[in-house]
Amino acid sequence: MSKFQTVSIAELGLTVTGKTPSSETPEDFGAEYMFVTPSDNFDVKMMNSTLRYLSEIGVNKLRNKLLPPKSIMVTCIGSAMAKVSMNVSPCVTNQQINSIIPNQNFSSDYIYYSLKNNYKKLRNAASGSTALPLLNKTDFDLLKITIHKDLVEQKNISSFLSNLDAKIELNNKINAELEAMAKSLYDYWFVQFEFPNAKGKPYKSSGGKMVWSEELKREVPEGWEVVNLFDAMDVQYGFPFSTALFTEDNTQKPIVRIRDILSNSISIFSSEEVDVKYRLKESDLLIGMDGNFHINFWDKNGAYLNQRSVRIRSKQTYNISNFQAYFELTPHIKAREKNVSRTTVAHLSDKDLKRLFVLNAKTTNHFKPKENLDSLLKKIISNRLENQQLSSLRDWLLPMLMNGQVRVGDAVSSSSSDDRRSVSRTGKEEKEELGVVAEGK
């Protein structure tokens with residue numbers, strides 16, 4: 001007897017299509033309930049914040065649209081079609097999202113992963129023009145998917161996958177805390193100048209001498225240098241790779257374009273010969289120079305930087321961390337971005353960058369900012385790399401768990417409780433430890 005069944009989405013539970021309150025009733029918007037739209041972050045499993053919120057008044061008007069926690073929300077229009085997330089707290093969505101409130105016969109988490117696994121089917125079911133595909137509620141409800149019959153098996157599978165997602169989310173939270181910690185240290189040391197002096201006391205409030213910097217138009221601690229960015233850091237613009245030689249063959253050189261900077265991803269490869277000076281290293285600071293001036297740390301060795309982006313890297317001759325450069329440069333770069341007319345594509349020029357200066361601190365036994373900030377950045381990069389491995393493992397296992405090619409073993413019961421083990425290795429040993437066993441073996 002087959003352990004699978006084919007059901008329509010309508011059989012999974014109640015489908016709810018959202019609605020947007022009228023702009024003529026501003027009192028409907030507030031801060032009490034999430035108002036989910038396709039512009040919100042559907043890259044996380046559990047959505048706990050949104051760009052806009054509704055008031056109690058607004059939700060009372062849309063009471064039949066209110067979703068309980070752990071409803072499955074699916075974007076059903078445009079380029080964001082078929083993205084899936086779940087809500088942490090009661091919420092309302094707009095009309096571009098169809099949501100499922102599962103009945104007692106199905107695991108909410110399992111339905112979430114099943115719809116993630118049916119991404120292409122959802123997109124292909126859309127009607128309308130290719131420019132604006134649309135999946136209405138009627139067609140959404142009629143869509144059929146194949147799922148496990150047994151509720152226990154559904155929960156085992158979703159528990160295993162949820163553990164991987166929970167570890168990814170935990171790493172993201174840790175990284176947010178590490179960056180906040182780094183920013184606090186930077187502000188304390190390089191803005192307030194309350195770094196520890198030779199006696200371990202806060203420098204400025206303990207009477208540390210300050211001198212005027214004409215370049216920064218403010219006072220800085222005596223003995224510190226104000227250095228032009230190009231002297232203080234190793235600055236390298238990207239290489240003008242020929243688009244004619246771009247390829248999807250991942251055995252060729254991985255190329256980092258502006259679109260890849262924020263996500264730390266690779267979207268294209270090239271067979272073109274290029275100097276090694278364009279090769280990126282872990283923790284390099286990258287800045288896009290067209291459109292939105294994306295700025296982020298790169299977390300892998302070996303990729304090559306494309307044109308209209310710039311790479312900034314610490315020098316041994318100066319006591320400046322990439323993290324310090326990030327905090328010092330970001331306000332200037334974002335200010336330049338805002339100054340560009342909305343009708344004009346923004347460009348960050350060589351001239352713009354050569355106007356920038358960074359502080360080179362005088363270190364003591366009590367004050368080693370580069371070491372401390374580098375240590376925090378190293379932990380952030382490590383967590384990012386682990387998340388990439390976890391995501392890759394999850395995405396590789398998802399279709400095989402859903403189609404029965406592999407099953408979840410007894411180890412899932414332990415990994416789904418308090419054991420949030422790190423999944424940083426790859427290969428057979430890792431999969432066996434996680435309780436994934438090939439079906440029939």
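Fair warning: this is a prediction, and the values are worked out from it, not measured in the lab.
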**Q** Ignoring hydrogens, what is the shortest heavy-atom contact between Ser283 and Leu377? Give both atom names and the distance.
**A**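 Closest pair (atom of Ser283, atom of Leu377, distance): CB-CD2, 3.8 Å.
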**Q** What verdict does the salt bridge (charged side-chain N to carboxylate O under 4.0 Å, His left out) test give for Lys137 and Asp141, after you've listed the backbone C-alpha separation in whole Å, the side-chain angles of each residue and the deciding distance to 0.1 Å?
**A** CA-CA 6 Å; Lys137 181 178 182 294; Asp141 274 343; 3.2 Å; yes
**Q** Give a yes or no on whether Lys379 atom NZ has more than 12 heavy-atom contacts from other residues, nucleotides or ligands under 6.0 Å away.
**A** no
**Q** Under a 3.5 Å distance rule, please check whether Ser392 uses its side chain to pair with a backbone N or O of Gln388 as donor and acceptor.
**A** no
**Q** Of all heavy-atom pairs between Ser391 and Ile168, which one has the smallest distance, and what is that distance?
**A**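 Reported closest heavy-atom pair: OG-CD1, 3.4 Å.
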**Q** Shortest non-hydrogen contact from Phe106 to Ile111?
**A** CB-CD1, 3.6 Å
**Q** Closer than 3.5 angstrom, by distance alone: can the side chain of Gln324 be matched with the main-chain N or O of Leu359 as a donor-acceptor pair?
**A** yes
**Q** Could you check if a side-chain atom of Asn105 sits within less than 4.5 angstrom of a side-chain atom of Leu151, using non-hydrogen atoms only?
**A** no
**Q** Test side-chain contact (heavy atoms from CB on, under 4.5 Å) on Glu282 and Ile381; report intermediate values, then the result.
**A** CA-CA 8 Å; Glu282 183 181 294; Ile381 296 297; 3.4 Å; yes
**Q** Examine the side chains of Thr6 and Thr146 and answer whether a donor and an acceptor come within less than 3.5 Å of each other.
**A**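 Thr6 vs Thr146: donor-acceptor pair found between side chains.
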**Q** Under the ring pair (Phe, Tyr, Trp, His ring centres under 6.0 Å) criterion, do Tyr326 and Phe297 qualify, and how do the steps go?
**A** CA-CA 9 Å; Tyr326 170 78; Phe297 300 104; 5.1 Å; yes
**Q** With rounding to the nearest 0.5 Å, note down the distance linking OG in Ser107 to CD1 in Ile157.
**A**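 Here the interatomic distance stands at 9.5 Å.
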**Q** Can Arg394 be said to sit on top of Tyr113's aromatic six-ring, NZ or CZ under 6.0 Å from centre and within 45° of the ring axis?
**A**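 No cation-pi geometry.
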**Q** When you measure from the side chain of Ser8 to the backbone N and O of Lys144, does any donor-acceptor pair fall under 3.5 Å?
**A**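 Absent.
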**Q** Between Asp40 and Arg52, is there a side-chain N and carboxylate O pair less than 4.0 Å apart?
**A** no
**Q** Quick check on Lys362: does its NZ atom have over 12 non-hydrogen neighbours (other residues, nucleotides or ligands) under 6.0 Å away?
**A**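 Atom NZ in Lys362 is not crowded, with 12 or fewer foreign heavy atoms closer than 6.0 Å.
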**Q** Tell me whether Asp231 is salt-bridged to Lys315, with the criterion being a basic N under 4.0 Å from an acidic carboxylate O.
**A**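 Between Lys315 and Asp231 there is no salt bridge, as every charged N stays at least 4.0 Å from the carboxylate O atoms.
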**Q** Quick one: do Asp352 and Arg336 make a salt bridge, cutoff under 4.0 Å?
**A** yes
**Q** Are any side-chain N or O atoms of Asn296 and backbone N or O atoms of Leu262, one a donor and one an acceptor, separated by less than 3.5 Å?
**A** yes
**Q** Please examine the side chains of Phe327 and Thr330, heavy atoms only from C-beta on, and report whether any two atoms are closer than 4.5 Å.
**A** no
**Q** Closer than 3.5 angstrom, by distance alone: can the side chain of Thr75 be matched with the main-chain N or O of Lys83 as a donor-acceptor pair?
**A** yes
**Q** Between Asn48 (side chain) and Val88 (backbone), is there a donor-acceptor pair under 3.5 Å?
**A**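 The answer is no, because no donor-acceptor pair under 3.5 Å joins these two groups.
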**Q** Please check if the number of heavy atoms outside Asn365 that lie under 6.0 Å from its CG is greater than 12.
**A** no
**Q** Flag the pair Arg257 / Phe246 as yes when at least one side-chain heavy-atom distance between them is below 4.5 Å, and no otherwise.
**A** yes
**Q** Within the 4.5 Å heavy-atom criterion, are Phe160 and Leu401 side-chain neighbours or not?
**A**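 Side-chain contact under 4.5 Å: yes.
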**Q** Please tell me if the side chains of Val256 and Trp298 come closer than 4.5 Å, counting only heavy atoms from C-beta onward.
**A** yes
**Q** Under the criterion side-chain contact (heavy atoms from CB on, under 4.5 Å), which of Ile72, Val84, Ile145, Leu12 is the partner of Ser114?
**A**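 Among the candidates, only Ile145 passes.
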**Q** Salt-bridge test for Lys155 and Asp109: reply yes if a basic N is under 4.0 Å from a carboxylate O, no otherwise.
**A** no
**Q** I'd like to check Cys91 versus Tyr33 (side-chain heavy atoms, cut-off strictly below 4.5 Å). Are they in contact?
**A** no
**Q** If you look at every heavy atom in Thr37 and Phe42, which pair is closest and at what distance?
**A** O-CE1, 3.4 Å
**Q** Using distance alone, with no hydrogens and no angle criterion, decide if Asn94 and Thr20 have a side-chain donor and acceptor under 3.5 Å apart.
**A**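 Per modelled atom types, Asn94 and Thr20 side chains form no pair under 3.5 Å.
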**Q** Do the side-chain N and O atoms of Ser314 and Asn322 include a donor-acceptor pair separated by under 3.5 angstrom?
**A** yes
**Q** Assess whether atom CZ of Arg123 is packed by more than 12 heavy atoms of other residues, nucleotides or ligands within 6.0 Å.
**A**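 Check passes, neighbour count above 12.
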**Q** Which atoms form the tightest heavy-atom contact between Ala232 and Val358, and what is the distance?
**A** CB-CG2, 3.4 Å
**Q** Quick one, Glu32 and Tyr53 - any side-chain contact, counting heavy atoms below 4.5 Å?
**A** no
**Q** To the nearest 0.5 angstrom, please state how far the CE atom of Met233 sits from the CG atom of Asn228.
**A**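 Result: 12.0 Å between the selected atoms.
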**Q** So does Lys378 get a backbone contact from the side chain of Ser382, meaning a donor-acceptor N/O pair under 3.5 Å?
**A**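 Side chain of Ser382 to backbone of Lys378, a donor-acceptor pair under 3.5 Å: no, none is there.
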**Q** How many angstroms lie between atom CG of Leu397 and atom CD of Gln405, to the nearest 0.5 angstrom?
**A** 10.0 Å
**Q** For the pair Lys45 and Asp165, find out whether any cationic side-chain nitrogen is under 4.0 Å from an anionic carboxylate oxygen.
**A**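 Looking at Lys45 and Asp165, the cut-off is not met.
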**Q** Please round to the nearest 0.5 Å and tell me the distance separating atom NE2 of His332 and atom CZ of Arg355.
**A** 12.5 Å
**Q** Atom CZ of Phe269 and atom CD1 of Ile255: how far apart are they, to the nearest 0.5 Å?
**A** 9.0 Å
**Q** Quick check: do Leu67 and Val92 have side-chain heavy atoms less than 4.5 Å from each other?
**A** no
**Q** Mind telling me whether His148 and Tyr110 have parallel, tilted or perpendicular rings, with 30° and 60° as the class edges?
**A** perpendicular
**Q** Does the Lys167 side chain pair with the main chain of Asn387, one donor and one acceptor, at a distance under 3.5 Å?
**A**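 No.
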**Q** Apply side-chain contact (heavy atoms from CB on, under 4.5 Å) to residues Asp290 and Ile258 and explain how you reach the verdict.
**A** CA-CA 8 Å; Asp290 281 336; Ile258 291 176; 3.8 Å; yes
**Q** Does Lys354 qualify as a cation-pi partner of Phe230, given the criterion of NZ or CZ under 6.0 Å from the six-membered ring centre and within 45 degrees of its axis?
**A** yes
**Q** Test side-chain contact (heavy atoms from CB on, under 4.5 Å) on Cys76 and Gln96; report intermediate values, then the result.
**A** CA-CA 6 Å; Cys76 289; Gln96 297 173 337; over 6 Å; no
**Q** If we count only N and O atoms by modelled type, under 3.5 Å, do the side chains of Asn171 and Glu386 hold a donor and an acceptor together?
**A**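 Present: a donor and an acceptor within the cut-off.
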**Q** Check each of Asn172, Asp299, Asn175 against Asn383 using the side-chain hydrogen bond (donor to acceptor under 3.5 Å, both in side chains) test, and report the only one that passes.
**A**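 Per the side-chain hydrogen bond (donor to acceptor under 3.5 Å, both in side chains) rule, the option paired with Asn383 is Asn175, out of Asn172, Asp299, Asn175.
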**Q** First locate atom CD1 of Ile9, then atom CG of Leu122, and finally report the distance between them rounded to the nearest 0.5 Å.
**A**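 Reported value, rounded in 0.5 Å steps: 5.5 Å.
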**Q** Are the side chain of Asp284 and the backbone of Arg311 linked by a donor-acceptor contact shorter than 3.5 Å?
**A**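 It does not hold such a pair.
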**Q** Taking it one step at a time, do Thr93 and Lys65 satisfy side-chain contact (heavy atoms from CB on, under 4.5 Å)?
**A** CA-CA 8 Å; Thr93 77; Lys65 303 293 185 182; over 6 Å; no
**Q** Are side-chain N/O atoms of Asp260 and Ser267 paired as donor and acceptor at under 3.5 Å?
**A** yes
**Q** Would the distance check show the side chain of Asn360 and the main-chain N or O of Asn319 forming a donor-acceptor pair, the cut-off being under 3.5 Å?
**A**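 Checking the backbone N and O of Asn319 against the side chain of Asn360, a donor-acceptor pair under 3.5 Å is found.
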**Q** Quick one: which of Tyr188, Trp224, Phe190, Trp189 gives a ring-ring contact (aromatic ring centres under 6.0 Å, His included) with Phe195?
**A** Trp224
